[in-house]
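Input: a single structure, listed below in structure tokens.
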Protein chains: 2
Amino acid sequence: MDKNKIIRIKDIAKLSGVSVGTVDRVIHERGKVSEVSKAKVEKVLKEINYTPNLLAKTLGSNKVFKIALLAPHLDEDPYWNLALSALGSTQKEWQPYHIEILPFYFELHNADSYHKESERLLACNPDAVISAPIYLPEALTFSKKLKVMNIPFIHFNTLITEADPLAFIGQDLYQSGRLAASLLNLVCHDQKGSLATLHIVQSIQHSIHFQDKENGFNDYCKALASPQKTTSILINAHTQELFEASLLKAINEFEVKGLFIPTSSGAKKTAEVLRNNHLKDIKIVGYDLIQDNIDLLRSGEIEFLINQSPNKQLYRGVYHLAHHLLFKNPPPKKELFPLEIITRENIDSYTCAQILNQ
Amino acid sequence: MDKNKIIRIKDIAKLSGVSVGTVDRVIHERGKVSEVSKAKVEKVLKEINYTPNLLAKTLGSNKVFKIALLAPHLDEDPYWNLALSALGSTQKEWQPYHIEILPFYFELHNADSYHKESERLLACNPDAVISAPIYLPEALTFSKKLKVMNIPFIHFNTLITEADPLAFIGQDLYQSGRLAASLLNLVCHDQKGSLATLHIVQSIQHSIHFQDKENGFNDYCKALASPQKTTSILINAHTQELFEASLLKAINEFEVKGLFIPTSSGAKKTAEVLRNNHLKDIKIVGYDLIQDNIDLLRSGEIEFLINQSPNKQLYRGVYHLAHHLLFKNPPPKKELFPLEIITRENIDSYTCAQILNQ
DNA sequence: CTGAAAGCGCTAACAA
DNA sequence: TTGTTAGCGCTTTCAG
């Protein structure tokens, strides 16, 4: 009657007339077991419903799993600073489960540094890896090595399908661009003029990333009942003065009424130019809840932000790897985050939630 | 040098010159300990950074924690259906940590049933409770009982400050109303007419809930540079015909150009009326990702939805209770969820994420 | 009030 | 090839 009782390895051993050691060997296919004992154990296993106790398992095998993280150094860029802001609490959260997170930081604009850190990472022979594969060829080599070494890895932020990670965590960038377009059209409704995607060139590696967004943006505008003209502004300037001059020129040339800025850090520079030139009718849609952007949203200089939650991406990646290591739970191949729309009226609800949800 | 070593109770015992039993007593304040031993242990604890091993803890105390859930029956209402959709995976997630979630369902429109289920719940003497306190007096009585029995409880969805739960999980409804107003103003920009809050009376219990939203809505409109006229429509009709008649009358009377519908299920009925009467210039902002609303958003009959993520609310509530039981980690007194804006262009990213994030 | 010791269910090393 | 046993870190008796 009392079938609710939890079945232990010991029970299986008794039922099949062998020792716990043998049962363990059969279940985990380790060591040598005679055909006959194996059959006995498997017969019992088939009849009952055995679920191993994971607490006992990780406690017993006194093993600490190492998850290595490869990401840009947080001092260089507010976006990556935000992304890694959750690292401390994530480490703390998993520590009780014998899971360690070891960060390796590379220089954001230095593919060589990426490669070097990935080598250092491998040297600590981790049980799993989570990385932001922002350098395509280097990331591919790295992925191949991980495959060979049979180390599971998850990518976040940047999608590289060829690398075939255990999972990808990020957003649908094309759709993100469409969303931006819809928002910009909403606030620039009946004025005439064009909507521009503004690329501020810092380094090349991001190009694909941003191209997807721009495609979505343009496609949306093109498909409107009354199509909205779009344009693309590319500025490669090293000083704010040069930037300002180039931007103003483009704005005049294309009669820009709204700007789509696909980088998180571009909005500030842009807003400054608009402010200095009293162009407050030009609307901005930007990305991410970095402090500068939050301030600009509050002051009304940015209309909308789209939140990529890079911190949550990391958090979820670790979550999936941890479950993979502890429970052998395979994560979904792709986890696409919601495209969060941030305005003056809901920004507070996001900044406060960010603290609370770790 | 090797200070990375994990500190065990045994180590603390050795350092403070007492036994593990005594250390355990001090840490958990159980049993009797002399002042002097207590001081010794506490001194050591202050110096080192002890984090108990959760695995060993739950394995050692062969205890299963019971978290009881009190919520409306899911068959009656799509909102509550959504709220409880994450229950299964949440149960599975916590099972390995010896935490059981026992649901108790009451009838949504029956305060008496709420009371009865709360009694049944207490009879199973749970270690913690999470509930949606939608009946004010009954919830207060229930809360008092829990306090007396020293059972920690968390409220979600509905805020009752007087009940003083361990935590409240939900949204800032006033701000939510403001957000709705800002969105509705965005899409109804220069047309003239009024913006109306539509209350479809089903039962009384929700009134406060919705009043907060309406206040936020009205305050926002009033404070605009060019104030927007608002009005409040209250309909108590039992058939769709009666509802249609009342709604049309109100729309004409107040020259309504936009409708704010604070209930999740009201949008469908309303959209139907607008569709039948070719009033497609009247915009709707509604609540929650229930299927009807998703369809209406996609078809363009709803402009925006605000997502309350009732399923995540439940998930987080369980998370906090579990951590409270396992680690004695006190949750934040209030966890206010982000006010998520849903449009045609980001709805897919939400519906797919919902599955993946449990 | 305190310490010693026997578990919790599993792993892994060691004999046999 | 097998069975036995000593841990993993914590809880919970049970003597003293």
Side-chain angles (χ1 to χ4, degrees), chain A residues 4-42 44-45 48-65 95-100 127 325-328, chain B residues 4-42 44-45 48-65 95-100 127 325-328:
Chain A
N4 304 357
K5 243 198 78 192
I6 282 167
I7 294 154
R8 294 110 78 219
I9 282 199
K10 203 201 261 185
D11 301 316
I12 300 172
K14 195 171 287 173
L15 285 171
S16 45
V18 297
S19 72
V20 289
T22 306
V23 175
D24 183 75
R25 278 169 210 123
V26 173
I27 290 175
H28 297 99
E29 294 172 347
R30 53 179 154 224
K32 297 271 165 193
V33 185
S34 71
E35 281 305 319
V36 39
S37 330
K38 193 175 168 190
K40 282 197 281 189
V41 174
E42 279 176 341
V44 175
L45 281 174
I48 59 159
N49 188 7
Y50 173 67
T51 13
N53 182 325
L54 295 150
L55 303 182
K57 181 176 175 143
T58 47
L59 184 62
S61 81
N62 199 17
K63 170 163 174 89
V64 175
F65 287 111
Q95 186 186 316
Y97 304 104
H98 284 201
I99 288 180
E100 243 178 17
D127 299 285
L325 293 173
L326 291 176
F327 309 121
K328 303 228 179 298
Chain B
N4 305 356
K5 245 198 78 194
I6 281 168
I7 294 154
R8 294 112 78 221
I9 280 196
K10 204 202 260 187
D11 301 317
I12 299 173
K14 195 171 288 172
L15 285 171
S16 47
V18 296
S19 72
V20 291
T22 305
V23 175
D24 183 75
R25 279 172 208 121
V26 173
I27 290 175
H28 298 97
E29 294 174 345
R30 53 180 155 224
K32 297 273 168 193
V33 185
S34 70
E35 283 305 319
V36 37
S37 327
K38 195 177 167 188
K40 285 197 281 189
V41 174
E42 279 176 343
V44 175
L45 281 175
I48 60 161
N49 188 5
Y50 171 67
T51 13
N53 182 322
L54 171 69
L55 304 180
K57 182 174 175 150
T58 51
L59 184 63
S61 80
N62 201 19
K63 165 159 176 97
V64 175
F65 286 111
Q95 186 186 313
Y97 306 110
H98 284 199
I99 288 181
E100 243 179 16
D127 298 285
L325 293 173
L326 294 174
F327 306 107
K328 304 234 180 291

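Bear in mind the structure is a predicted one, so any value in this text is a computation, not a measurement. Chain naming here is simple, since letters A, B, ... match the order of the sequence lines and numbering starts at 1 in each.
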I want to verify a distance call: between [options], whose nearest atom is closest to the [X] side chain?
| X | options | value |
| --- | --- | --- |
| A:Arg8 | C:dC10, C:dT2, D:dT2 | C:dC10 |
| B:Ser19 | C:dA13, C:dC10, C:dG3 | C:dG3 |
| A:Tyr50 | D:dG9, C:dC10, D:dG3 | C:dC10 |
| B:Ser61 | C:dC10, D:dT12, C:dA4 | D:dT12 |
| B:Thr22 | D:dG9, C:dT2, C:dA13 | C:dT2 |
| B:Ala56 | D:dT11, D:dG9, C:dG9 | D:dG9 |

Report task. By nearest nucleotide on DNA chain C, pick out whichever of B:Ser34 and B:Asn62 is the more 5' one. Result -> B:Ser34
Report summary line: Of B:Leu59 and B:Val20, the one whose closest nucleotide on DNA chain C sits nearer the 5' end is B:Val20
Just call it for [X]: base, sugar-phosphate, or nothing, with non-hydrogen atoms closer than 4.0 Å on any strand.
| X | answer |
| --- | --- |
| A:Arg30 | sugar-phosphate |
| B:Lys32 | base |
| B:Ser37 | sugar-phosphate |

Query raised in the report: Between B:Asn53 and A:His98, does any side-chain donor sit less than 3.5 Å from a side-chain acceptor?
Result: yes
Report task. Please answer whether the main-chain N or O of A:Ile12 pairs with a side-chain N or O of A:Ser16 as donor and acceptor at a distance below 3.5 Å. Result -> yes
Query raised in the report: Once you round to the nearest 0.5 Å, how far does CD1 of A:Ile9 lie from CD1 of A:Ile27?
Result: 4.5 Å
Give the rounded distance in Å between these two atoms: [atom1] of [X] and [atom2] of [N].
| X | N | atom1 | atom2 | value |
| --- | --- | --- | --- | --- |
| B:Asp24 | C:dA6 | CG | P | 18 Å |
| B:Ile9 | C:dA4 | CD1 | P | 15 Å |
| B:Arg25 | C:dG3 | CZ | P | 8 Å |

Query raised in the report: Quick one: do A:Arg8 and A:Asp11 make a salt bridge, cutoff under 4.0 Å?
Result: yes
